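Here is the structure we will look at, set down as structure tokens.
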Number of protein chains: 2
Amino acid sequence: MAEDTRRRLIDGAIDTVRRNGIAGTSARTVAAAAGVNQALVFYHFGSVADLLNEACRVSTAEDVDRYRERFAAVTSLRELLALGRELHADQRERGNVTLLAQMLAGAQGDERLASATSEAIKLWVREIESVLRRVVAGSPIEPVVDVSGLASAVSAAFVGMELFEAVDPAGSSAALDALDRLGILLEVADDLGPVASTALRRRIRSATRE
Amino acid sequence: MAEDTRRRLIDGAIDTVRRNGIAGTSARTVAAAAGVNQALVFYHFGSVADLLNEACRVSTAEDVDRYRERFAAVTSLRELLALGRELHADQRERGNVTLLAQMLAGAQGDERLASATSEAIKLWVREIESVLRRVVAGSPIEPVVDVSGLASAVSAAFVGMELFEAVDPAGSSAALDALDRLGILLEVADDLGPVASTALRRRIRSATRE
DNA sequence: GTCTATAGTAGGATAGAC
DNA sequence: GTCTATCCTACTATAGAC
């Protein structure tokens, strides 16, 4: 069936990029992973770049959907960190972030990959952004948080960490531990009593003006 | 001269990876960038992977050296953030972090690239780690900072951000702005008077035990 | 040490049989 | 829609002239 073959090729592409990296991905390696003929890449998608773009779109949409409810359930920054950690562990299996990292790397040298990659990443950023906005609202640290920029920073950090994972797993997990630990600060800021909280707000206001 | 040719090839490799990405880097493209014959890649380095490893070593050692004094001059977390921003701007010209990002991406599919890449990244991590350790010492937030893990996290974030830059420059600079703004928090924590500072320490201690 | 030439392989893409 | 066969290009790597 045609729809089935398309799907096999998309899954084969995701698999191949994860295992071989963008530099080791070709119509032939993808087709082999998919268990179909190499010519079908061009019949169904026109070019390898177009197949990769499609794989990137599909895989990301699925992964973001998969996490939507859990993102929605987050009510504190600490919980968001915990979810991030879970997501990182999950990604070892699913590998969408690794795919995006490889697509980003590939986009550096091939503009045909750039726009689909950027769109896919925006799906993640938007999701993170909406959680951040909700969770940070009312917190004393709200005025120092630029939600939209921070969402980009978090996404970038995730991408970097996923790349590290292959080369230095220990460093990568130490990094997550460190962020977790640092998250205690956010919790402390959120749990201050009303007096201390007002004092913190005042300090932040004056520091912001400096 | 042989030494000169080696150097041209290394520079050509750095240049090619930055411009074409790891997937678009070959003995031919590198040699063209270096203005020398393609066969010299193999004469001098044995293989393309070996040339890339060497380029990665050399470029990183030079860049880390270049920043050593400035890292040493940093005395606060806020200053470190500012230096990070300067470094990011600098990297648009020099591109060592982009090179490392591409090497990381390549290492995912070719173990021959992994160890040199991991070594190069450790040069950066070590440098960041020693600054962090110095700067955080005595601060009330010291107990929640895992210096070594945080240094890895910062490096990973940098790598991710450098990859974003090519695909979404606006998002990348918004990310840095956001971190900068968040840095105000660190400044506030560091500038507390002795009473508030002791209170913060106590809060952190109890939160750490939870 | 650097070049030309070339062997051998892998990849992108298409034509045409089924 | 899928396959085989094939063209052409680009790549890694080596041999050998200079």
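All values reported here derive from a predicted model rather than from experimental measurement.
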Separation of [X] atom [atom1] from [N] atom [atom2], in whole Å?
X     : N      : atom1 : atom2 : value
A:L52 : C:dG11 : CG    : P     : 14 Å
A:R28 : C:dA13 : CZ    : C1'   : 9 Å
B:L40 : D:dA13 : CG    : P     : 15 Å
B:R6  : C:dG1  : CZ    : P     : 10 Å
B:R7  : C:dG1  : CZ    : P     : 18 Å
B:R8  : C:dG1  : CZ    : C1'   : 14 Å
B:F45 : C:dG1  : CZ    : P     : 12 Å
A:F42 : D:dT6  : CZ    : C1'   : 14 Å

Under a 3.5 Å threshold, yes or no: a donor from one side chain and an acceptor from the other, between [X] and [Y]?
X     : Y      : value
B:T98 : B:Q102 : no
B:D63 : B:Q91  : yes
B:S59 : B:N96  : yes
A:Y43 : A:N37  : no

query: Near B:R19 CZ, under 6.0 Å, is it more than 12 heavy atoms from other residues, nucleotides or ligands?
result: no

What's the closest nucleotide to the side chain of [X] if the choices are [options]?
X      : options               : answer
A:N37  : D:dT4, D:dT2, C:dT14  : D:dT4
A:H44  : D:dT6, D:dC11, D:dT2  : D:dT2
B:Y43  : C:dG1, C:dG12, D:dT4  : C:dG1
A:R112 : C:dA13, C:dG11, C:dT2 : C:dA13
B:Q38  : C:dT2, D:dA13, D:dA5  : D:dA13
B:A2   : C:dT2, D:dT2, C:dT4   : C:dT2

message: C:dT2, OP1 or OP2 - any side-chain N/O from B:T5 closer than 4.0 Å?
response: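 Affirmative; the distance criterion is met.
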
message: Classify A:A39 by what it touches in the nucleic acid, base, sugar-phosphate, or nothing, heavy-atom distance under 4.0 Å.
response: base

message: Over all strands shown, is B:V41 touching base, sugar-phosphate only, or nothing at heavy-atom distances under 4.0 angstrom?
response: nothing

- prompt: Can you list the steps and then say if B:V167 with A:L113 is a side-chain contact (heavy atoms from CB on, under 4.5 Å)?
  reply: CA-CA 9 Å; B:V167 149; A:L113 299 180; over 6 Å; no

- prompt: Under 4.0 Å between a Lys/Arg side-chain N and an Asp/Glu carboxylate O for A:R68 and A:D65?
  reply: yes

message: Tell me which residues in residues 20-27 of chain A lie within less than 4.0 Å of DNA chain C, going by non-hydrogen atoms.
response: A:S26, A:A27

